[in-house]
S.K.: 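Take this structure first; my questions come after.
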Amino acid sequence: MAAPLGPRETGKFITENSKNVFVDMEGVRSLAEKLFEKIDRKELTLKGWKFLHELNPQGSGEDAVNWVFFADTLNFSFWSENQDKKYLVKYKGKEYSGYWSFCAAINRALDEGIPITTPSYYSTVSLDQLKHVFRSDTDVPITMIETRLEILHQTGKILVEKFGGSFLTCVKKSERSAVKLLQLVVENFPSYRDEAVYQGKKVAFYKRAQILVGDTWAVLEGKDEGSFYDIDKITMFADYRVPQTLLHFGVIRYSEELVKKLKEGLLFQNGDREEMEIRGCSIWAVELINEHVQELFKKKGGKISHEVNPILINNFLWDFARDNRKAVDVVPFHRVRCIYY
């Protein structure tokens, strides 16, 4: 089979053929106007990645870049089977859940002198050591611990053997191209190959690979090796939370049948038609939002803005879902247990 469609082309193709999820242009325009105002008031910027999230690395050196690579290598499947019983981590007097509990556990391990984000260490880390690093403050353990161990061993070894034991080497090889960095990651690290077949075509979502590029751009503050000239070519990160926000704002709509399945708590499989349609339509919806925001900037100042792109829009949507859980949970997120998101 030929190479897969890239994430943007995947989003467009799936949206044009979707039977369960639909992009609503009125919703696209409405949310774009809200975001335009936020961007115009400097409320939505690259700086928010560090300043709004205290668990993200605050530095910009090699250690910070390796932290990002480690985190995004395991950035999947943090949702709980039971909303009353969750994997929680207490760190510096605060209790964290979901993805942030995972970040808190990483930082806790580093504070304890465990070099968990160092590839030469995690390429041979034992299951017991990893269980200790990700220990929970409840009786609910982190999900898929054995799978996480396998991925760390595989990924760490590749990084040591091919890239001198540092993700920064990979970043430098990209020559300040976000697209080239994405290709390097997908080609060299198997667990990042988030691909499927839809309507007979091979498609790619690359959620973790793209978020890795986005987080690298953010941790390096868009400077030096992170000054990617084509960062706007990276799409949103198709997960299970961002679609909820898009649904909440009326940007996408679901068929009655799909809503029924979601409310019944059906466990979808990675590659199911409905799952791909939720992810694909979300990608295309954010591309359309971005285009509309740029049109608003052109109307205002005669040119597009380099202060907005699908990554920053994604970050706003993801944060909104975390901060407004009751509002977005009116329709539950699609449940999939896999390594891609």
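Starting from 1, each residue takes its place in the sequence as its number.
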S.K.: Which class fits the ring pair F268 and H334: parallel under 30°, tilted 30 to 60°, perpendicular over 60°?
M.R.: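 Ring orientation, 0 to 90° scale: perpendicular.
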
S.K.: Inspect the surroundings of NZ in K12 and state if more than 12 heavy atoms from other residues, nucleotides or ligands are less than 6.0 Å away.
M.R.: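 No, because the 6.0 Å sphere around NZ of K12 holds 12 heavy atoms or fewer from other groups.
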
S.K.: Does W49 reach the side chain of P57, with side-chain heavy atoms less than 4.5 Å apart?
M.R.: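 Yes, at least one pair of side-chain atoms sits under 4.5 Å.
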
S.K.: May I ask you to say whether D329 pairs ionically with R241, meaning some side-chain N is under 4.0 Å from a carboxylate O?
M.R.: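 Counted as a salt bridge, because a side-chain N and a carboxylate O are separated by less than 4.0 Å.
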
S.K.: Parallel, tilted or perpendicular: which fits the ring planes of W318 and H53, with parallel below 30° and perpendicular above 60°?
M.R.: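 Perpendicular: the ring planes of W318 and H53 meet at over 60°.
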
S.K.: Is the shortest heavy-atom distance from the side chain of R273 to the side chain of Q199 under 4.5 Å?
M.R.: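 With C-beta onward as the side chain, the pair touches.
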
S.K.: Report the relative orientation of the aromatic rings in F320 and H248; use parallel for angles under 30°, tilted for 30 to 60°, perpendicular for over 60°.
M.R.: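 Geometry flag for H248 against F320: tilted rings.
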
S.K.: Identify whether M25 and V293 are in the same connected component of the hydrophobic contact network (ILVMFWY, side-chain heavy atoms under 4.5 Å).
M.R.: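 M25 and V293: one cluster.
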
S.K.: Where do S77 and R337 land on the side chain to side chain donor-acceptor pair (under 3.5 Å) test, with the steps shown first?
M.R.: CA-CA 6 Å; S77 209; R337 192 66 82 191; 2.8 Å; yes

S.K.: One thing to verify: whether E221 and K47 come together as a salt bridge, which I'm taking to mean a side-chain N less than 4.0 angstrom from a carboxylate O.
M.R.: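 So K47 does not pair with E221 through a salt bridge.
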
S.K.: In terms of hydrophobic clustering (I, L, V, M, F, W, Y; side-chain heavy atoms under 4.5 Å; direct or indirect links), are I145 and L149 co-clustered?
M.R.: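 In one cluster with I145: L149, yes.
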
S.K.: For E256, look at atom CD and say whether over 12 heavy atoms of other residues, nucleotides or ligands are found less than 6.0 Å away.
M.R.: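 For E256, atom CD is not crowded (no more than 12 foreign heavy atoms under 6.0 Å).
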
S.K.: How are the rings of F102 and Y99 set to each other: parallel, tilted or perpendicular (split at 30° and 60°)?
M.R.: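 F102 and Y99: tilted rings.
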
S.K.: Should E33 and R29 count as an ion pair when the cut-off is N to O under 4.0 Å?
M.R.: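 A salt bridge is absent here (no side-chain N lies under 4.0 Å from a carboxylate O).
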
S.K.: Does R176 come within less than 4.0 Å of D230, counting only side-chain N to carboxylate O?
M.R.: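 No, R176 and D230 are not salt-bridged.
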
S.K.: As a test of understanding, state which of N75, V242, D72, I311 forms a side-chain contact (heavy atoms from CB on, under 4.5 Å) with F237.
M.R.: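 Answer after filtering N75, V242, D72, I311: I311.
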
S.K.: Do Y229 and L312 belong to the same hydrophobic cluster, where Ile, Leu, Val, Met, Phe, Trp and Tyr are linked whenever their side-chain heavy atoms lie under 4.5 Å apart, directly or via other members?
M.R.: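 No, Y229 does not connect to L312 through the hydrophobic network.
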
S.K.: Check salt bridge (charged side-chain N to carboxylate O under 4.0 Å, His left out) between E26 and all other residues, then give those that pass, not counting sequence neighbours.
M.R.: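 Salt bridge (charged side-chain N to carboxylate O under 4.0 Å, His left out) check on E26 returns nothing, list empty.
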
S.K.: What are the two closest non-hydrogen atoms of G59 and K50, and how far apart are they?
M.R.: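 For G59 versus K50, the nearest heavy atoms are O-NZ, 3.0 Å.
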
S.K.: So among I106, I114, L110, V125, which one has a side-chain contact (heavy atoms from CB on, under 4.5 Å) with V133?
M.R.: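 Answer to the side-chain contact (heavy atoms from CB on, under 4.5 Å) test with V133 among I106, I114, L110, V125: I114.
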
S.K.: For V28, run the side-chain contact (heavy atoms from CB on, under 4.5 Å) check against V251, N290, I252 and tell me which one passes.
M.R.: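 For V28, the side-chain contact (heavy atoms from CB on, under 4.5 Å) check succeeds only for V251.
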
S.K.: Does the structure place the NZ or CZ of R108 under 6.0 Å from the centre of the six-membered ring of Y91, at an angle of no more than 45° from the ring's axis?
M.R.: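 No, cation not above the ring by the 6.0 Å, 45° rule.
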
S.K.: Would you check if the side chain of N66 reaches a backbone N or O of T117 as a donor-acceptor pair within less than 3.5 Å?
M.R.: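 Not at all, since once roles are kept as given, no pair shorter than 3.5 Å links the two residues.
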
S.K.: Start with the C-alpha distance between T45 and E307, add both sets of side-chain angles, then the distance that settles side chain to side chain donor-acceptor pair (under 3.5 Å), and finish with yes or no.
M.R.: CA-CA 7 Å; T45 68; E307 293 176 1; over 6 Å; no

S.K.: Determine yes or no for a side-chain-to-main-chain donor-acceptor pair under 3.5 angstrom, with T143 supplying the side chain and F78 the backbone.
M.R.: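 No.
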
S.K.: Should P190 and Q154 count as side-chain neighbours, where that means a heavy-atom distance under 4.5 Å?
M.R.: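 Of all side-chain heavy-atom pairs linking Q154 with P190, at least one is under 4.5 Å.
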
